[in-house]
Structures are given as structure tokens and as C-alpha cells.
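The sequence lines fix the lettering, A, B, ..., with proteins before strands; numbering per chain opens at 1.
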Amino acid sequence: MAKGKRMTIQEAVQLINDGDMITFSGFTIWRRPMAIVYEMVRQRKKNLHLIEVNSGTHGEILIGAGCVKVLETCWIGHELYGKVGANAARKLKSGELIVEDYSHVHMIMRFAAGAMGVPYLPTRASLGTDILNPEYDALGKHGLRDGSNPRIPRRKFEFLTDSFYGEQGDIIHVPAARPNVCIAHVQQVGEEGTVRVYGQRYSDAEAMKAADRVIVVAEEIVPEEVIRQDPTANLIPHYLVDAIVEQPWGAHPTGCFGYYEVDGMFIRDFYNKTRTQEGFDAWAEEWILKVNSFDEYLYKIGFRRLDMLRANSSYKYSTRVKRGA
Amino acid sequence: MRNNHSPAKPGEYKLIELLAVAGAREIRDGEVVFAGTGLPMLAVTLAQKTTAPRASIIYEAGSMDGRPVHLPSSVGDARCEYRASVSSGLLDVFSQLQRGVVDLAFLGGAEIDRYGNVNTTSIGGDYFHPAVRLTGSGGNPDINSLARRTVFIMVQEKRRFKEQVDYVTSPGWRVKKWPGGEWVTRQEAFGSVFRGGPVAVITSMAVFRFDEETGEMYLDTVHPGVTIEDVKNNVGFDLDVSRCRGETPPPTYHELYLLRNVIDPEGLFLGN
């Protein structure tokens with residue numbers, strides 16, 4: 001049995017280098033690899049280039065902790081539990097963070113191009129917006145489009161017209177996303193690395209296929225022969241996966257379909273603390289740096305709270321968590 | 001109260017309930033609706049339970065025509081895909097959008113101009129050093145630019161209704177054609193992919209629509225208790241009020257019953 005891919009969170013994070021271009025599984029505050037993100041802060045990763053279809057709480061933690069130099073995305077916030085990415089906003093204003101804006105379709109097409117092994121793909125989404133304004137090319141403005149980094153394209157967009165059907169109006173080309181590493185949190189992974197995702201798959205397949213290395217954290221590692229009994233239910237073949245880690249609740253405080261709910265109170269509290277750098281630093285001290293492992297973090301969260309978040313096996317979400325005002 | 005279809009009186013409903021009802025009335029039965037988080041979820045769910053039972057909802061995280069029995073808190077929520085027709089991912093639903101299957105988009109915004117250009121990216125200062133940095137575009141401009149009709153739901157404030165927004169995140173009826181940046185009509189910029197555009201802006205004070213010729217915003221109805229003068233005082237450009245049809249129809253008791261007891265009994269968006 002191939003045990004080579006199985007490792008601890010600490011070992012998996014050692015596969016990530018300072019300066020790497022990183023992407024993630026999930027969507028805003030759903031199925032983010034939080035156990036890995038916390039350990040990245042503990043190991044003090046630096047100069048990361050996050051490239052994401054959309055960001056969220058996980059991105060805010062890495063940005064607040066000073067791990068990130070560039071954020072390419074279409075969105076950062078905490079949905080209902082925090083209306084903006086306060087750390088990203090503050091560090092953008094201070095010049096500590098470069099933010100490159102694309103739209104949601106632009107980003108998913110960039111990842112599709114990366115996953116397909118082509119340098120760009122065409123789209124007609126978001127014409128007429130300042131996202132396409134050449135003066136708002138943040139990477140270009142910072143001199144990062146000189147071709148010296150093979151993962152940063154020489155231009156943000158390319159404008160052209162359709163010569164196949166003679167359609168009127170602009171077509172834009174968006175450059176492929178080519179991250180070093182995709183860090184994913186999923187429900188199940190086989191012992192050899194076959195990935196199964198339950199519920200909405202967001203942009204997970206494109207993110208994992210576009211990356212050179214894939215780290216998968218799963219709620220449970222299951223026998224490969226069992227996960228192969230229904231291959232049509234699987235998302236990613238084992239040979240694309242480099243590391244597997246078993247960590248139940250590893251996406252907390254984000255949600256995980258069929259396993260647990262978003263911990264909205266936790267995220268709202270986090271968001272409120274991120275209004276100042278001092279507030280974030282104190283939060284990180286309490287929840288990341290003074291906690292030695294993810295198990296210790298879960299112990300600090302407490303059984304009662306986790307049990308309230310646990311998904312109902314029929315609905316696939318918690319029916320007991322208090323969500324409203 | 002359950003079967004009472006008469007209009008509720010001012011004081012018997014909250015503003016957010018009026019907005020949800022006004023939103024629901026924009027949806028035609030059988031349409032494919034692409035909706036964002038929050039008020040749009042209340043509006044589309046209400047429409048499905050009243051005037052548009054055959055409307056299908058796409059949420060951008062990847063669910064198609066879910067039949068939630070508990071209100072989702074965001075589009076990535078497991079509740080969105082309860083009894084969905086298909087649940088997949090972003091590339092699938094955004095490709096369908098680009099392909100042209102979406103009739104109506106329901107979106108929000110922080111700032112809007114007279115042509116319906118919306119900003120959700122940054123306000124004040126310059127783009128690289130803004131006074132206020134917001135979430136960024138999300139799917140707002142994609143959905144708005146590729147659906148047939150868009151309805152925006154926003155807070156009404158003078159500083160949000162501007163002659164020109166600080167950053168065009170989502171395109172209105174007159175847009176910039178890139179890479180040159182000259183202002184052109186939406187039709188000219190979009191060419192063969194032009195399908196329509198913003199048709200209504202539902203705010204905390206009024207409902208606005210857009211002139212079919214000029215693409216300029218005009219006042220359609222004012223909410224009960226709000227005057228035309230109040231609205232003009234909260235718009236930062238010269239607003240056409242000559243076509244105002246009167247008051248926004250208030251919720252019926254039946255609609256309020258559905259919103260409070262069936263759609264959002266947890267008070268997720270309605271509050272308590």
C-alpha cells in the first residue's frame with residue numbers, strides 16, 4: 001500500500017515555499033483548508049502570491065499575518081459574517097499588499113486554462129468595466145509583468161475580435177493561472193490520493209489541475225479500494241495528488257457539506273477583530289500562535305460548539321445551529 | 001392573516017420586507033434567475049411561492065434550481081443545493097450564463113451612476129490607494145453583463161447615487177470600451193453578446209428604471225411614506241422624476257406571512 005503521500009499538517013506545510021503562488025479549494029467561507037492555513041502562519045510563510053477564484057476568511061488570515069505579497073482574485077470578504085476583507089483593505093492602502101482585480105468569470109476561465117494546459121482562454125464577461133482598464137493593472141504597475149517570473153503573465157488582458165463567426169463586440173483573452181501549489185480541503189481521500197468531494201464542487205477541479213503540486217486535507221482518509229467502488233463520484237485521480245492529510249473539522253470555521261456548518265459567530269468575531277492590525281494580531285496570538293496544533297484548537301473551540309455545527313445526515317447541514325439575529 | 005391578499009399598512013412591515021416584495025415582482029414565471037446572497041434570496045424564494053412557481057434559480061457556487069427548505073446564508077451554502085436539479089461548480093454555471101440561458105440577474109452595489117454603472121470595488125482616493133476598499137466584483141459584472149435583465153437592490157444615499165462612480169465594477173447602459181476607455185453605449189461595447197441590461201434599481205426609498213433610448217435612470221415609484229423630494233435629496237445627479245407612477249405597492253399580509261413564517265423564520269436576513 002502506498003503510504004508515501006500520507007503526512008502530518010506540519011510536514012505538508014513544509015512542502016510550501018516562501019514566494020510560492022498558492023490557490024485553494026472551496027468558495028468564500030466554504031471548505032477552505034484552515035488547518036493548513038493556521039500552520040502556514042505558525043511556520044511564518046512569506047511573500048506568497050495568492051491566486052484564487054474568490055478569497056475569504058482563509059485569505060484574510062494569511063494576509064493579516066503578513067504571509068502574502070500579491071492577491072489576485074475577484075472578491076474577498078466573509079459573506080454574511082463580515083462585509084469586506086479588512087486585512088486586505090488595510091494592507092492595500094498601506095502598500096504592503098498588491099491586489100489584482102479580475103471578475104469571477106475571468107478567474108474561473110484563468111483556472112480552466114491552467115487546468116487545460118493552454119496559455120489563455122477567451123471570454124465575453126464583464127466588458128465595459130474598469131476591471132479591463134489598462135491603468136488598473138496592479139502587477140504591471142509594480143513591474144511584475146516583465147517576464148522574469150514564469151507564473152506571472154506579461155499582460156493582464158488581451159482584446160480581440162471574433163474571426164470565426166464574425167460576431168460583433170470585444171472578446172477578451174484571460175491568461176492561465178499557473179500556481180505552484182493547490183491546498184484543498186475535501187470530505188474524503190483514498191489512501192493513494194483519489195479525491196472525492198460531496199456537494200457543490202465550486203472550482204476545486206480547475207484549482208487542483210492548474211497547480212503543479214496538490215496538498216489534500218480530508219475529513220477522512222478511506223481505503224483506496226473503497227473510494228474506487230464508485231469512480232464516477234470521484235473528482236481528482238490519485239496521480240495528481242502529492243500529499244494527503246487526515247484532519248477532521250480541518251475546514252473550521254468555514255463549512256463542509258455533509259460534515260459541518262459555517263461557524264458564523266466565530267467568523268463574525270474574527271472579522272470584528274480585523275478592523276485593526278492590533279486586533280488581528282491579538283486574535284492570531286490567541287487562536288494560532290498560542291495553539292500548538294489543530295487538535296488543540298478544536299479542544300479550545302469545545303465539543304458543545306462543534307456538536308451544534310455538525311451536519312444533519314439527511315439535510316447535509318446543521319439544523320441546530322442558531323443562524324439569525 | 002394567512003390568506004389575506006390585501007396590502008399591509010405602513011408600520012405593519014419592515015423596509016426589508018417591502019424590498020423583498022418589490023424584488024419578487026420583477027420575476028416572471030418560468031424564468032431562469034441568477035441571484036446573489038441576501039435580499040435577492042428572499043425575493044426569488046418569495047416569487048417562487050407566489051407569482052413565479054416555475055422560476056429556476058442558479059447560484060454562482062454551482063447549484064441549479066435548488067428547492068431549499070431552509071434559507072441559505074450564502075450561495076456556497078449546502079442549503080442551496082437541497083433537492084437541486086444539478087449541483088456542480090462555477091465553470092458550469094458561469095458557462096451557462098455566458099451561453100445565454102439566464103433571464104434575470106439580482107445583484108447589489110455600493111455606488112451607482114445615472115446609467116446604472118455599479119461600483120463594489122473601491123471608493124475615494126485613487127484605485128491603488130482608496131479611502132474605502134470593498135469586496136471587489138465577485139460575479140456581479142459577469143452576471144449583469146450576460147443576463148437579459150438585471151435588478152439591483154441598494155441603500156439609497158446621496159453619496160451612493162453619483163454622477164460618476166469611482167470605479168465601474170458592473171456595467172450599465174453607457175460604458176467604457178477598452179483598451180481605449182471611450183464612453184460608448186452598452187450595445188456597442190457588447191456587440192453580438194448584447195442581451196439587455198439593468199432594468200430596475202430597488203432602494204431603501206424608491207424604485208428606479210432606465211429610459212430605453214438614453215439609458216438614463218428615472219424615478220418609477222416611491223416607497224410609502226417617502227416623497228419625491230426626499231428621493232431627489234438622496235440622489236447626487238439630476239434625476240428625472242416626471243414619470244413617477246406613485247407609490248411602490250406595499251407587501252400583502254400573505255406575502256408577509258410567507259416571508260416571516262415560511263421563508264426566513266430564523267430571521268437570517270429579516271432580523272427579529
**Q** Flag the pair A/R323 and B/D77 as a salt bridge only when some basic side-chain nitrogen lies within less than 4.0 angstrom of an acidic carboxylate oxygen.
**A** yes
**Q** Is the number of heavy atoms from other residues, nucleotides or ligands within 6.0 Å of CD (A/E96) greater than 12?
**A**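 Check passes, neighbour count above 12.
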**Q** In Å, rounded to the nearest 0.5 Å, how long is the span from CZ of B/R79 to NZ of A/K316?
**A**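 The CZ atom of B/R79 sits 14.0 Å away from the NZ atom of A/K316.
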**Q** Hey, is CZ on A/R154 packed in by over 12 heavy atoms from elsewhere, all under 6.0 Å?
**A**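 Counting neighbours around CZ of A/R154, 12 or fewer heavy atoms of other residues, nucleotides or ligands fall under 6.0 Å, so no.
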**Q** Is A/S126 reaching over with its side chain to a backbone N or O of B/D142, donor-acceptor style, under 3.5 angstrom?
**A**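 A pair under 3.5 Å: yes.
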**Q** I'd like to know whether A/I131 forms a side chain to side chain contact (heavy atoms under 4.5 Å, CB included) with B/S137, so could you lay out the CA-CA distance, the side-chain angles of the two residues, the decisive distance to 0.1 Å, and finally the verdict.
**A** CA-CA 9 Å; A/I131 298 167; B/S137 70; 3.9 Å; yes
**Q** Side chain, backbone, both or neither: which part of A/S55 has a non-hydrogen atom closer than 4.5 Å to chain B?
**A** neither
**Q** Side-chain contact test, heavy atoms from C-beta onward, threshold under 4.5 Å: evaluate it for B/T135 versus A/K83 and give yes or no.
**A**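 Sidechains of A/K83 and B/T135: no contact.
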**Q** Are more than 12 heavy atoms from other residues, nucleotides or ligands located less than 6.0 Å from atom NZ of B/K162?
**A**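 Buried by this count: over 12 neighbours within 6.0 Å.
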**Q** Quick check on A/E261 against chain B: is it the side chain, the backbone, both or neither that has a heavy atom closer than 4.5 Å?
**A**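 Just the side chain, heavy atoms under 4.5 Å.
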**Q** Salt bridge check: are B/R133 and A/D101 linked by an N-O gap of less than 4.0 Å?
**A**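 Result for this pair is yes, salt bridge flagged.
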**Q** Measure distances from A/Y81 to the heavy atoms of chain B and classify the residue's part below 4.5 Å as side chain, backbone, both or neither.
**A**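 A/Y81 touches chain B through side-chain heavy atoms alone.
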**Q** Sort out for me which of B/R83, B/E60, B/Q187 touches chain A most, counting heavy-atom pairs under 4.5 Å.
**A**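 The answer is B/E60.
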**Q** Counting only heavy atoms not in B/E182, do more than 12 sit closer than 6.0 Å to its CD atom?
**A**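 For B/E182, atom CD is crowded (more than 12 foreign heavy atoms under 6.0 Å).
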**Q** Just verifying a value: how many Å separate B/H70 NE2 and A/S318 OG, rounded to the nearest 0.5 Å?
**A**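 Result: 10.0 Å between the selected atoms.
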**Q** Can you name the closest pair of heavy atoms from B/C80 and A/Q200 and give their distance?
**A**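 Closest heavy-atom pair between B/C80 and A/Q200: CB-NE2, 4.5 Å.
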**Q** Within this structure, what is the CG-OG distance for the pair B/N144 and A/S103, rounded to the nearest 0.5 Å?
**A** 11.5 Å
**Q** Measuring from atom NZ of B/K176 to atom OG1 of A/T129, what distance do you get when rounded to the nearest 0.5 angstrom?
**A** 9.5 Å
**Q** Classify the ring geometry of B/F94 against A/H104: parallel below 30°, tilted from 30° to 60°, perpendicular beyond 60°.
**A**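 Geometry flag for A/H104 against B/F94: tilted rings.
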**Q** Taking the six-membered ring for Trp, are B/F128 and A/Y136 parallel (under 30°), tilted (30 to 60°) or perpendicular (over 60°)?
**A** perpendicular
**Q** Do A/F257 and B/E81 come within less than 4.5 Å of each other through their side chains, counting heavy atoms only?
**A** yes
**Q** Check whether A/Y202 reaches the backbone of B/S88 with its side chain - one donor and one acceptor, N or O, closer than 3.5 Å.
**A** no
**Q** Let's test your reading of the structure: which of B/G181, B/S95, B/A78 forms the most heavy-atom pairs below 4.5 Å with chain A?
**A**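 Greatest number of close heavy-atom pairs with chain A: B/A78.
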**Q** Which atom pair, heavy atoms only, marks the closest approach of B/L146 to A/A125?
**A**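 Heavy-atom minimum between the residues: CD1-CB, 3.9 Å.
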**Q** If you measure from OG1 on B/T37 to CD on A/E79, what distance do you get to the nearest 0.5 Å?
**A**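 Rounded to the nearest 0.5 Å, the OG1-CD separation comes to 4.5 Å.
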**Q** Using only atom types and a distance under 3.5 Å, with no angle test, would you say the side chain of A/K93 pairs donor to acceptor with the backbone of B/A131?
**A**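 Yes; judged by distance alone, with no hydrogens or angles, the pair exists.
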**Q** Taking all heavy atoms of B/L90 and all of A/N54, pick out the closest pair and write down the distance.
**A** CD2-ND2, 4.4 Å
**Q** Which heavy-atom pair separates A/L80 from B/S73 by the least distance, and what is that distance?
**A** CD2-CB, 4.1 Å
**Q** Which answer fits B/F194, side chain, backbone, both or neither, if we ask what part of it has an atom under 4.5 Å from a heavy atom of chain A?
**A**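 For B/F194, there is no contact with chain A at all, as no heavy atom is under 4.5 Å.
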**Q** Would you find a donor on one side and an acceptor on the other, under 3.5 Å apart, between the side chain of B/W178 and the backbone of A/L127?
**A**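 No, because the side chain of B/W178 does not come within donor-acceptor range (under 3.5 Å) of the backbone of A/L127.
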**Q** Pick whichever of A/P134, A/G77, A/G166 has the most heavy-atom pairs under 4.5 Å with chain B.
**A** A/P134
**Q** Can you name the closest pair of heavy atoms from B/Y127 and A/V99 and give their distance?
**A** OH-O, 4.2 Å
**Q** Other residues, nucleotides and ligands only: do more than 12 of their heavy atoms fall within 6.0 Å of CD on B/E213?
**A**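 Result for CD/B/E213: open.
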**Q** Taking every non-hydrogen pair under 4.5 Å, which of A/R201, A/R90, A/E206 racks up the most with chain B?
**A** A/R201
**Q** Does A/D170 reach the side chain of B/F190, with side-chain heavy atoms less than 4.5 Å apart?
**A**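 No, their side chains stay 4.5 Å or more apart.
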**Q** In terms of heavy-atom contacts, does CZ of A/F159 have more than 12 from other residues, nucleotides or ligands at under 6.0 Å?
**A** yes
**Q** Which one, A/G199, A/S203, A/S94, leads in non-hydrogen pairs under 4.5 Å with chain B?
**A**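 Ranked by contacts with chain B, first place is A/G199.
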**Q** Could you go through the side chain to side chain contact (heavy atoms under 4.5 Å, CB included) check for B/S74 and A/W30 one step at a time?
**A** CA-CA 10 Å; B/S74 68; A/W30 291 90; 3.0 Å; yes
**Q** Using a 4.5 Å cut-off on heavy atoms from C-beta on, say whether the side chain of B/T121 contacts that of A/D130.
**A** no
**Q** Just give me the residue among B/P265, B/G138, B/A189 that pairs up with chain A most often, heavy atom to heavy atom, under 4.5 Å.
**A** B/G138
**Q** Among B/N119, B/N140, B/V184, B/V75, single out the residue with the greatest number of heavy-atom pairs under 4.5 Å to chain A.
**A** B/V75
**Q** Any idea which of B/S122, B/S145, B/G180, B/G172 has the most non-hydrogen atom pairs under 4.5 angstrom with chain A?
**A** B/S145
**Q** Where the side chain of B/S192 meets the backbone of A/E167, is there a donor-acceptor pair that is under 3.5 Å apart?
**A** no
**Q** Quick one: which of B/S87, B/S170, B/G38 has the most heavy-atom pairs under 4.5 Å with chain A, could you say?
**A** B/S87
**Q** Determine the minimum heavy-atom distance between B/G136 and A/W75, stating which atoms define it.
**A** O-CD1, 4.1 Å
**Q** Side chain, backbone, both or neither: which part of A/A138 has a non-hydrogen atom closer than 4.5 Å to chain B?
**A**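 Looking at A/A138, backbone and side chain both touch chain B.
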**Q** Between chain B and each of A/V84, A/I108, A/V105, count heavy-atom pairs under 4.5 Å; write down the option with the most.
**A**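 Among A/V84, A/I108, A/V105, the one with the most close pairs to chain B is A/V105.
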**Q** Name the region of A/M109, side chain, backbone, both or neither, that has any atom closer than 4.5 Å to a heavy atom of chain B.
**A**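 A/M109 touches chain B through side-chain heavy atoms alone.
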